[in-house]
Each structure stands twice: as C-alpha cells, then as structure tokens.
Colleague: 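Sharing a structure below in structure tokens format, with a few things to ask.
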Amino acid sequence: MTTINILEKSYGKKTILKDISLKLQSGIVYGFVGDNGAGKTTFLRCLAGFENFSGKIEFDKPSSKNHIGFLETNPSVITKITGWEYLKLLCDARGIKDEKFEEQNIFDLPLNEYVENYSTGMRKKLAFMATLLQKNEIFILDEPFNGVDIQSNMLISEIIQRLKKQGKTVIITSHIFSILTECCDEIVHISDNTISKNISKQDFNSFGDEIKKSVIDASLSKLNML
Amino acid sequence: MYYFQLQFKRINRTFSEAGIPILPGYIFTLLIFTLFSSKLFENFLYAPFIYTGIWFILVLGLNKSNAILTYIYPKKASLLIRAVENLLVSLPFLLVLFIQKEYLSALILLFLFPFPVFIPYKVKPIRSIPTPFKNQPFEFTSGFRRFLFLVISSITLCLISIISDNFNLGIFSLALMHLTCICMYMLPENEYFVWIYSKNVSGFFITKNLNGILCSSILLAPVITLLMFFFFDKAIIISFVFLLGLLYLSTSIFAKYSAFPSKMSVPQAILFWLSTWFPFFLVVIIPVFYRKSKKQLSQLLQ
C-alpha cells in the first residue's frame, strides 16, 4: 500500500496541490480526473519522485521508487537512438538484463528505426512497453490512451486489467470518461488543487451524470448557436 | 522583416535569461569570437580550412533549424529569408577572413552561403547508422551518430599526421577525438532519463564516468595506437594528452549535471572554458561541479 499524507506542492506563490491525502492499494486501478491544469500531472510527478513537495509519501518497500513505471503524457526521447536502444537503456537503468525486445514487441513497432521518427502514438506505445519490460510494481500512466490507435487502446486496456490481476498498482489519468469507467476501480477527482471526491465503481454512472449536468449544460448555455 | 525582428528578440531573450545585460552580452560575444578567430589563425597552419569548416557546420545547423519557414512563407520568400539569414551569420566570418587576407576562403564562403537553403530536411532516415555503442547508455550511441563526421575527421587527420610526419597534427587529431567525446555530454537529457536509474547520486556518477571513460577509450583506441606506433619517442606526451582528455570528459559530466535539468549557465561555461586554458584549475573546478551536481540530482536519485 502507498500512503500519501497531506501532500502539498507550490511553484513560488502559486499553489498547485494542497492537502492531498490518499491510500493506494495493490491490485487496484485508480483513475485521476480533473480540469486541464488541475494538478493531475504534478501529483503524478510528485508521486514518482520528480518533484519535491511538503507532506509525506510512504511506500511498502524502502526502494519503491525503483519499481515505479512512469509513462509521460508526451514521452521524452533522445535523438539518434533506435527503439531497441531506447528499451535497452530503460531496462539497463533498472538492472533488467533483457534484450529479446523483438519477441516481446506487442505493438509491432519498428525497433530498428530512430525514436525521433516515431509518431506521437508510437512513442507512447514504446514508452509503455518499456515500463512493462522493467517489471515494475507501480504503474503511473499519464494519459496512456491519448494519440494511440484503437487496436492499441484495446491492448493497453487489457494489459492494465492483467496488471491489476497480478496485484500491481495502476494509476492512470484520462480525459475520456468511458475509458476511466471501463478500466478503473476507483476515480479520484481533483479540483481546486485538491481531492474533491473519491468515487467507487458503483457510483461511476451518477458521477458521469453529475459532470454532464454541471459542466456541459452550464457551459453550452453560454453559446447561443447550440 | 518581422522574422528578423523576432530573431533579434530571441537573441536578446537568451541573454536576459542567462542573466547577462543585452549590450554587454553582444560585446562579450564579439570579444569571444574575435579572440577565438585570432588564436585559430595564430596557432594553426590550416586555419582557413578549419574556419571555413566551422562556418559551414554553423550554417548547415541554422538551415536545419529554420527549415520550418518553408511551411510558413511562400517558397521563394522562405528561400530568400534563409539566404539573407545565412549571409548575416556569414558576415563576421567574412570580415575575419578579409582581415587575415584569406581572400580565396572568403570567396568560397561568399559563393557557398546560399546553397544550404536548397538542402531538403524533410527526409527522415529509415536506416539507423550502426554503432559500436549499441549496448551502452545513450550518450555514445546517439553521440557517435551525431558526430560521426568528427570521428572520421579525427582519424583522417591522424593518418595525415603519420604520412606527413607531423606530430602536432597527430596530437590535434587526438584532442579533436577527445572534444568529440566531450561534445556528447554537452546538452542535458530530459530528467526522465536520469530518474529511471535505480541508483543513488554517487552510484549514478560512478556509472556515468566509467561508461564515459570506457566508451571514449574505444573511440580513441585507433588514434592512440597509430600515434604510439609511429611516434613512439613521444609516448609520454601522447599518454599525458590521453589522460588529460579523460579528466576533461569527467569534468564535462559533472559540469553538465551541475546545471541539470537546464543547460550550463554562462558562469559555469566560463569556468569550464577557463579550465581548458589552465588545466591545473581542474583541481578546484571538479569538486565545485561535483558538489553542485550532487545537489541538482538529489531529488531525482534518492
């Protein structure tokens, strides 16, 4: 279990996250939703250890940071390295001695080509594959379905379910509500820089209706043409 | 015209963000350029060729970066803008070549400056260049491909030095290979590629340094072997330059991470540059960069 206790994060005087307390259990898929700029990515970066913050995050194991797989919204690439070399780099960094990447190439990526030539979706699939090959315990996936083709979306969705069955903790963010309701066991709603709601699976539909009412209806009423 | 105004603003912003007042920034850049040019022409027999080569690499790089203009402006206008930009960048080089009375090189430069705008950059290479560093961390995998022309130039210069029995040129080829290796560590990677390591900061630096020394030794091996064989009486000088180069490589690793995730700041770059003129300065600089880089990476590598 991962326990987050009163996490707060600011950039200068601007508060990004405040009073975030949460318990993340193994074998559960968590979905994080919120407006653009609500602080979802910052929260994930704090959780992974990219950012300093006040408060406390306690993991089960002492070196849990080394068992976190982090998928960025737009995965970073290094110029003039191939897909194969990218996977090798990420595995080596975690002490995983694996080179049979072609055999495990679930997304049929051109691993001999430079990563810089990959499309956005291909980069995301490659980075996701790397997090799987690293054999992580916690998966932090920032918008894993964005920019990825339909078949791969289905594959990613299935992989998430299998990771859950293996007892891994999976945290995803998405702006597509149907994906979240399909993949997640619990949805965490971030608004006004803090957790406003924890929604369990049986309440997903009512939460969807609530959003529809408060956001869509209210926003569209501002437009005369629709 | 607006494009050039924007470029001017961008340069000014670069100075401001580096904490340098704009006017002194321009004066400082001019001074560095003049100093570099005069030192090059003072110390090297083939200075005009090296100088024209540096100019050509610079203009090629510029044309690659502004290739986006072809999407924004009509074709003729974009070609004209890029050609004018090339000419503006070439002016200081032209001036120096005229002052040095290198009229032939100046004429070559004047003749060549519009041509890079016709090089298409849209074509993406399908095949990757094979590298002996496929299994090594990215610096040398990526760097070998990016700086392949420098690797080939260095080996070629080494061969010329042997044929012409010119030891100084041989040492220059060795220094060029060292510089190529150092260049691979100049730009910071995204912080993700530091975060992925399951090591603490000290372990990370040990890995980076050992890999750097191993990979640069592989690249340097042909040059060192040839020089040692043909200039055996100068083995001590060759060994000294080899070891000093490795020390600079290590310094460049610490220098890079001392500003991480940003690029090296101007004071840091000056400090590093000073050490190339006064090698004994490394005794002070390495611990300074090490302490700073340890602090910079402490968040990512716990």
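Convention: sequence-line order gives letters A, B, ...; per-chain numbering from 1. Keep in mind that the numbers below use all heavy atoms, side chains included, and drop hydrogens, waters and symmetry copies. Keep in mind the model is a prediction, meaning the values are calculated, not measured.
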Colleague: Check the side chains of E51(A) and Y11(A) for a donor-acceptor pair under 3.5 angstrom, ignoring hydrogens and angles.
Modeller: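 Yes, E51(A) and Y11(A) have a side-chain donor paired with an acceptor closer than 3.5 Å.
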
Colleague: Give the ring-plane orientation class for F138(B) versus F193(B), where under 30° counts as parallel, over 60° as perpendicular and anything between as tilted.
Modeller: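 The rings of F138(B) and F193(B) sit tilted, inter-plane angle from 30° to 60°.
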
Colleague: I'd like to know which of W195(B), Y192(B), Y197(B), F144(B) tops the heavy-atom pair count under 4.5 Å against chain A.
Modeller: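 Of W195(B), Y192(B), Y197(B), F144(B), W195(B) has the most heavy-atom pairs under 4.5 Å with chain A.
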
Colleague: Between E72(A) and S76(A), does any side-chain donor sit less than 3.5 Å from a side-chain acceptor?
Modeller: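 Side chains of E72(A) and S76(A): pair found under 3.5 Å.
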
Colleague: Heavy-atom distance under 4.5 Å to chain B: side chain of A130(A), backbone, both or neither?
Modeller: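 Answer is neither: A130(A) stays 4.5 Å or more from chain B.
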
Colleague: Which of the residues E189(B), E191(B), K199(B) is involved in the greatest number of heavy-atom pairs with chain A at under 4.5 angstrom?
Modeller: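 Heavy-atom pair counts peak at E191(B).
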
Colleague: Kindly indicate whether a cation-pi arrangement holds for K292(B) with F254(B), taking the cut-offs as under 6.0 Å to the six-membered ring centre and within 45° of the axis.
Modeller: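 No.
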
Colleague: Cut-off 3.5 Å, no hydrogens considered: what does the side-chain donor-acceptor table look like for residues 87-102 of chain A, sequence neighbours left out?
Modeller:
residue: K88(A); atom: NZ; partner: E99(A); partner atom: OE2; Å: 2.8
residue: R94(A); atom: NE; partner: I196(B); partner atom: O; Å: 2.7
residue: R94(A); atom: NH1; partner: N66(A); partner atom: O; Å: 3.2
residue: R94(A); atom: NH1; partner: I68(A); partner atom: O; Å: 3.0
residue: R94(A); atom: NH1; partner: N136(A); partner atom: OD1; Å: 3.0
residue: R94(A); atom: NH2; partner: I68(A); partner atom: O; Å: 3.1
residue: D98(A); atom: OD1; partner: K100(A); partner atom: N; Å: 3.0
residue: D98(A); atom: OD1; partner: Q104(A); partner atom: NE2; Å: 3.4
residue: D98(A); atom: OD2; partner: Q104(A); partner atom: NE2; Å: 3.0

Colleague: Under a 4.5 Å heavy-atom cut-off, does chain A meet the side chain of T131(B), its backbone, both or neither?
Modeller: side chain

Colleague: Against chain B, label F70(A) side chain, backbone, both or neither, depending on which of its atoms sit under 4.5 Å from a heavy atom there.
Modeller: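 Contact with chain B: backbone and side chain both.
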
